[in-house]
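First comes the structure, then the notes that go with it.
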Amino acid sequence: MTAVELASAVKAGTTTARKATEDALAAIGARDGEIHAFNHVMGDEARTAADAIDRRIAMGEDPGPLAGVPIALKDNMCTRGVPTTCSSKILEGWRPPYDATVVERLHAAGAIVIGKTNLDEFAMGSSTENSAFGPTRNPLDTSRVPGGSSGGSAAAVAAGYVPLAIGSDTGGSIRQPAALCGVVGVKPTYGLVSRYGLIAFASSLDQIGPFAHTVADAALLLEVIAGHDPMDSTSLERPAPEISSRLTTGVEGLRVGIVQELTQGIDDDVLARMHEAADALTAAGAKVGDASVPAAIYGLTAYYLIAPAEASSNLARYDGVRYGLRTDGVDITQMYGTTRANGFGAEVKRRIMLGTYALSAGYYDAYYGQAQRVRTLIIRDFEAAYADYDLLLSPTAPTTAFEFGAKTANPLAMYMSDVCTIPSNLAGHPAVTVPFGTGDDGLPVGVQIMGPNLSEPTVFRAAATLEAAAP
Amino acid sequence: MPGKSSAAGRLSSDDVAHVARLARLDLTDAELDLFAEQLGAVLDHAADIEALDTEGVPPTAHPLHLENRLRDDVVRPSLDRDEVLAQAPAAEDGRFRVPPILGEAP
Amino acid sequence: MTDILEGWEIVVGLEVHCELRTETKLFCGCRNAFGDEPNTNVCPVCLGLPGSLPVLNRQAVEYAMRIGEALHCEIRPSIFHRKNYFYPDMPKDYQVSQYDEPINVDGW
């Protein structure tokens, strides 16, 4: 059942929030020992919340557009009193004293938060292999990764535990796992969804967004969580956009450009599916052509200077003083050094080191400064492309789901997973991935639709068209 | 080993040790060597953009142009101290307890 | 003695820290009060808890501008930088500070 169908059924009384919750918990119990999508299942909290929803419905109230729908939440978003770990030893067992704004909005909409999902530690990674608590397995082929960093959330939906999940995307961490797991994933326009309570990785890139089986479900969830938040001064001063009501208006006359720079280094079968998706848009009345965003070829390099630089600053607070892991030392300096060495995994240390170096005296302008200027070039090239096209198209990931260990020997090999997704984070633009067929190995392929800021209604229309045409 | 250059040549183990001190990460010698090599490889790619002509191109720190996002000077509820200190690694007398700050400022 | 002092000009700089009398703190809505029990006017923002975000106090900006006027400063668009270092009384291990583009310059 989709989230839209489930919400209707709960509202109509043909099922209950409690039943939906028990079904989700049973599905998790049956399979998650193998998949490990969840770091923490909130059985008691979910049942209590579900019963409260059912009581309100019995009294004739409307508890909200997602009333009774179970949803999984990436474990880098604060849930009051419930462990929030970022899949790191340094926050193992930490119970925040507050809820993220996104969590408050889910509660206000009647959704049932069923648990916290696994991720690459501090959202740094593309396979969920960097979790300190063990990887998540791709439900479609358990010898393969689900992608990352939001691998747990992608797997929770792909495995059928829950119809909806929430992830975060800094360089592709929603879209790439969505593609590898065969589900819909959305990175909204930067600033559309509040980051208050999202544990920061790279503040100018991070965005929260939905995972779902259908475009309509993703639209519903995005409408619930989006909109201005006074607690986040980077949140856009506007309400949530209307997307659901315009989903089926089609793509007649829309100009769609295939970004040439993002067709390089892509597996042949993945590229073939993307071209078939372009053909489907043409068949539906869109005008498809070849677009160019020349500076996009520098996106990966700029990102792997900017993101670690911001991360090195955002992760300084994990110092053993007020919360999280502490390893004692004879003095504060030793305490800092050993706590952070013990608490952080290798990839996190690597990025903190890279970022600290890029920001250090004498190197700041050559590395971080130059990367910021390249970011401007990328934004300008996107603007030029959007003068000729309403939407841009590319593959979401260069390959289908890869095997565990396939890309862990060389960090750079793993970083390449995000080559198609990174440019939208740098520009702040929205992007949606829709499953479109399979690779030669029978594993899902995702196709990415990008648009300029606040073009979600148009991006989603195209996504809905592709969904209907998918093989 | 101190002074040994990475395979990529960009970063010596001394450079890496300095950065590790800045970041308050007590790394092992093996980690220093490994990171020197791995960071060197990433920074080699940075050469792609080092060479780009960005004369007159302003840096983008943030994708949105935000001005004057201000908050009214109105009191909001604070957290319960017990709930906060319950999460502290060490607490005493309503305060967070830390090891001594010896020698130079950390 | 006067020979030694000749040719030298005494220049004295004063770094003055002044607390602004706002109701709330600079970046969060906690009470700006002195002398209360430790850790009773704290929130995720001023504790630097994971996920917290600062929002600047309008009144503090207005006071700063008034001080700028009083000291004959040029009041300019300004931005904040992060000054990264580690100290146990600094929750985020960076200070949100003005660096090369402060609000008031060239006063007297």
Side-chain angles (χ1 to χ4, degrees), chain B residues 15-27 31-32 35 39 43 54 56-106, chain C residues 20-33 36-65 75-96 99-101 103:
Chain B
D15 291 330
V16 179
H18 171 64
V19 173
R21 259 192 309 278
L22 288 176
R24 299 299 184 276
L25 289 169
D26 284 357
L27 300 180
E31 281 175 312
L32 287 176
F35 286 156
L39 296 190
L43 292 171
T54 53
V57 179
T60 295
H62 201 268
L64 301 175
H65 183 67
L66 299 166
E67 282 183 356
N68 298 335
R69 296 300 165 90
L70 305 172
R71 164 183 66 82
D72 290 340
D73 190 25
V74 172
V75 175
R76 289 175 49 93
S78 289
L79 290 174
D80 176 70
R81 179 166 74 178
D82 291 338
E83 190 176 357
V84 171
L85 291 178
Q87 298 299 307
E92 187 180 306
D93 276 353
R95 296 165 170 85
F96 298 95
R97 196 191 162 93
V98 295
I101 301 159
L102 300 177
E104 311 171 25
Chain C
L20 300 180
R21 187 178 239 152
T22 54
E23 293 297 319
T24 61
K25 297 185 182 181
L26 187 59
F27 291 116
C28 69
C30 288
R31 199 176 300 276
N32 179 28
D36 285 358
E37 280 296 297
N39 295 311
T40 54
N41 296 325
V42 292
C43 76
V45 179
C46 55
L47 283 172
L49 296 188
S52 61
L53 295 172
V55 186
L56 185 56
N57 185 331
R58 175 176 289 113
Q59 185 65 263
V61 177
E62 286 176 11
Y63 284 160
M65 291 168 75
I75 302 170
R76 287 183 178 173
S78 66
I79 63 174
F80 284 89
H81 277 90
R82 295 186 183 185
K83 185 174 171 183
N84 293 285
Y85 63 100
F86 287 78
Y87 208 77
D89 72 354
M90 195 168 62
K92 298 183 295 298
D93 293 305
Y94 59 84
Q95 199 180 84
V96 182
Y99 176 52
D100 56 355
E101 293 183 46
I103 187 167

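No experiment lies behind these values; they were computed from the predicted model shown. Below, chain A is the first sequence line, B the second, and so on; all start at residue 1.
Using a 4.5 Å cut-off between heavy atoms, C:Cys46 does not touch chain B at all. Interface residue B:Ala23: only backbone heavy atoms are found under 4.5 Å from chain C. At a 4.5 Å heavy-atom cutoff, C:Pro77 makes no contact with chain B through either its backbone or its side chain. Neither the backbone nor the side chain of C:Ile79 comes within contact range of chain B; no heavy atoms are under 4.5 Å apart. Only the backbone of B:Arg69 comes within less than 4.5 Å of a heavy atom in chain C; its side chain stays farther off. If you measure heavy-atom distances from B:Val84 to chain C, the contacts under 4.5 Å come from the side chain alone.
In terms of the salt bridge (charged side-chain N to carboxylate O under 4.0 Å, His left out) criterion, C:Glu23 has no residue partners (sequence neighbours excluded).
Contact of the C:Arg31 side chain with the C:Thr24 side chain is not registered, since no non-hydrogen atoms from C-beta on lie closer than 4.5 Å.
For C:Phe27 and C:Phe80, the ring centers sit closer than 6.0 Å to each other.
Within the structure, the ring pair (Phe, Tyr, Trp, His ring centres under 6.0 Å) test picks out the following pairs touching residues 61-91 of chain B (sequence neighbours left out): A:Tyr190-B:His62.
Taken from CG in C:Leu47 to CG in C:Asn39, the straight-line distance is 6.5 Å, to the nearest 0.5 Å. How far CG of C:Asn41 is from CG of B:Leu79: 11.0 Å, rounded to the nearest 0.5 Å.
When each of C:Val55, C:Asn57, C:Asn84, C:Val61 is checked for heavy-atom pairs under 4.5 Å with chain B, C:Asn57 comes out on top. Between chain C and the options B:Asn68, B:Val75, B:Leu22, the largest number of non-hydrogen pairs under 4.5 Å is found for B:Val75.
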